[in-house]
Protein chains: 2
Amino acid sequence: MLPHNTYRLASREPTWKGVYRNLRLAILNLEIAPDTRLNEVKLAAALGVSRTPLREALSRLEMDGLIGAAKGGGYIVTDPRENLADAYHLRAALEGYGVRLAAENISAGQIAQLRENVEANRRIELADTRGRAALNAEFHQILIMASRSPRLLQTYNNLREWIMTDEDMSLHSDESCRQFVHEHDLIVSALEMRDGDMADRVMRLHLRRARDLLLEGKGRAAAPADRELPAA
Amino acid sequence: MLPHNTYRLASREPTWKGVYRNLRLAILNLEIAPDTRLNEVKLAAALGVSRTPLREALSRLEMDGLIGAAKGGGYIVTDPRENLADAYHLRAALEGYGVRLAAENISAGQIAQLRENVEANRRIELADTRGRAALNAEFHQILIMASRSPRLLQTYNNLREWIMTDEDMSLHSDESCRQFVHEHDLIVSALEMRDGDMADRVMRLHLRRARDLLLEGKGRAAAPADRELPAA
DNA sequence: ACACTGAATACTGTATACAATACGATTCGA
DNA sequence: TCGAATCGTATTGTATACAGTATTCAGTGT
């Protein structure tokens, strides 16, 4: 063992942050099998860091709900698929109330941005899933920011990477895409009319449809964890 | 300096959790001035713990939004009063959508529990602020649990201690108390009728009234985060 | 054969030591 | 006198050593 000077020089970003991102993605991509109990020393060794920044990352992953506290200490990774439908509920709560607030607070510039986004979404080709995902993410991002609630934004951001993956977009058919764009359009119109109630209703419907399509598309298939990290 | 065996024996609960609670309360009660930069070594010394569990606590406080990252590392305590109105927005989002789900999923037993709670709240004396706070917390807790969404429950629990302090109850007048109980009663009725729409509406109104009363009562820094400058 | 008890073990929680950076003060130069 | 650069200090980020508890497995008794 080296003394303890295995420092990473010239790192502007804390180590634990990178660890956090890596683990987060690993869990969401099922590279770490659900229900596995995380062994801190082995994980730290596998990631090439000490236990301290690892624990910092784990602490935050727990607050994100991606891992849960095990009895007798330590953590157990949760199954992100099980919680997917549930996560959409949280999303609907945030965005539904978010557009309600947005109807009161949105600026003319933001409405213009939304209109532009919808137009771009109309013109984009079906095959460009990555572009569609970006547009979709942007749309909802603008909405949440228009609510002018930092807390809502923060909570939403925690969820975003979880539920909005690029691959999800590949499931959409040409028709459902048009329908989604239409719903986006409806929401913007509701906001223009400052009708928070309508915006909320359409948003909930929109998300519900998106969720159903997603769950149906993914089915229950989803190959669990073939390539592993330390399965431990 | 003691060697390093200043251990707290027979502690079933991690040290950092107590630190977390203490700091949380200290910040919410303004015992630590907002905008203070937290010095880890001094804080650790003051609390009688080492930096490790302290940092664990700080990490979570940051995710709660009670402290923010400072430039060049470290943390700065945020002003809980500034974020209080905003926190109520998040709460309204969670509980509004929560009762909507509850209208679909609530069990007969839970409805009975709610009725009982409302009855107890009718009979309780005004002076018993602690009891009223407990009843109020229980009411909303049951509702969120009735939504059968673990994620909603978790997010709500993070918020609960923040916005529902015992002292807040002392602000209520006899009349506003009766009004609040009446609103609780309305919500339960809406749930009995499985009218999620109405439950949502009443809940949002209920929380909005509670928030206004709270901000007005606390007086200072009652600046509503609602009407901010139309930024960009 | 099963249950209960005990020690060994493995792993988490905590403390402390060390490295590196960011900030401030002081000094030198223009 | 003001500005810039450099050194010193203070504070965070990381690594590791240590203490304590939970789990597991072996052994014995009923």
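Residue numbers begin at 1 in each chain, while the letters A, B, ... track the order of the sequences.
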**Study point:** Worked verdict on B:Leu38 versus B:Leu23 for side-chain contact (heavy atoms from CB on, under 4.5 Å)
**Key:** CA-CA 11 Å; B:Leu38 297 176; B:Leu23 282 179; 5.9 Å; no

Exercise for review: Report the residue (B:Gly72 or A:Pro53) whose heavy-atom-nearest nucleotide on DNA chain D is the more 5′ of the two.
Suggested key: B:Gly72

Check your understanding: What nucleic acid atoms does B:Leu38 come within less than 4.0 Å of, heavy atoms only: base, sugar-phosphate, or nothing?
Key -> sugar-phosphate

Check your understanding: So, is A:Ser50 close to the D:dA15 phosphate, meaning a side-chain N or O under 4.0 Å from OP1 or OP2?
Key -> yes

Review point. Just how far is it from atom CG of B:Leu114 to atom CZ of B:Phe139, taken to the nearest 0.5 Å?
Key: 5.5 Å

**Study point:** Nearest-angstrom distance from the residue atom CZ of A:Arg51 to C1' of C:dA15
**Key:** 12 Å

Review point. In whole angstrom, what separates A:Asn39's CG from D:dT23's C1'?
Key: 14 Å

Point to revise | Rounded distance in Å - OH (A:Tyr20) to P (D:dT14) | key: 16 Å

Practice item. May I ask you to decide whether B:Arg151 forms a salt bridge with A:Asp86, counting only side-chain N to carboxylate O separations under 4.0 Å? Key: no

**Study point:** Interatomic distance, B:Lys71 NZ vs C:dG24 C1' [rounded to whole Å]
**Key:** 11 Å

Check your understanding: Side chain of B:Thr52: nearest nucleotide among C:dA15, D:dT12, D:dT16?
Key -> C:dA15

Check your understanding: Just how far, in rounded Å, is P of C:dT12 from CD1 of A:Ile67?
Key -> 11 Å

Point to revise | With B:Asn105 via side-chain contact (heavy atoms from CB on, under 4.5 Å) - residues at least two apart | key: B:Leu101, B:Arg148

Practice item. Find the distance B:Glu56:CD to D:dT14:P and express it as a whole number of Å. Key: 14 Å

Exercise for review: Grab the CD-P distance between B:Glu13 and C:dG13 for me, whole Å please.
Suggested key: 12 Å

Review point. Given atom CD of B:Glu40 and atom P of C:dA15, what is their separation to the nearest angstrom?
Key: 14 Å

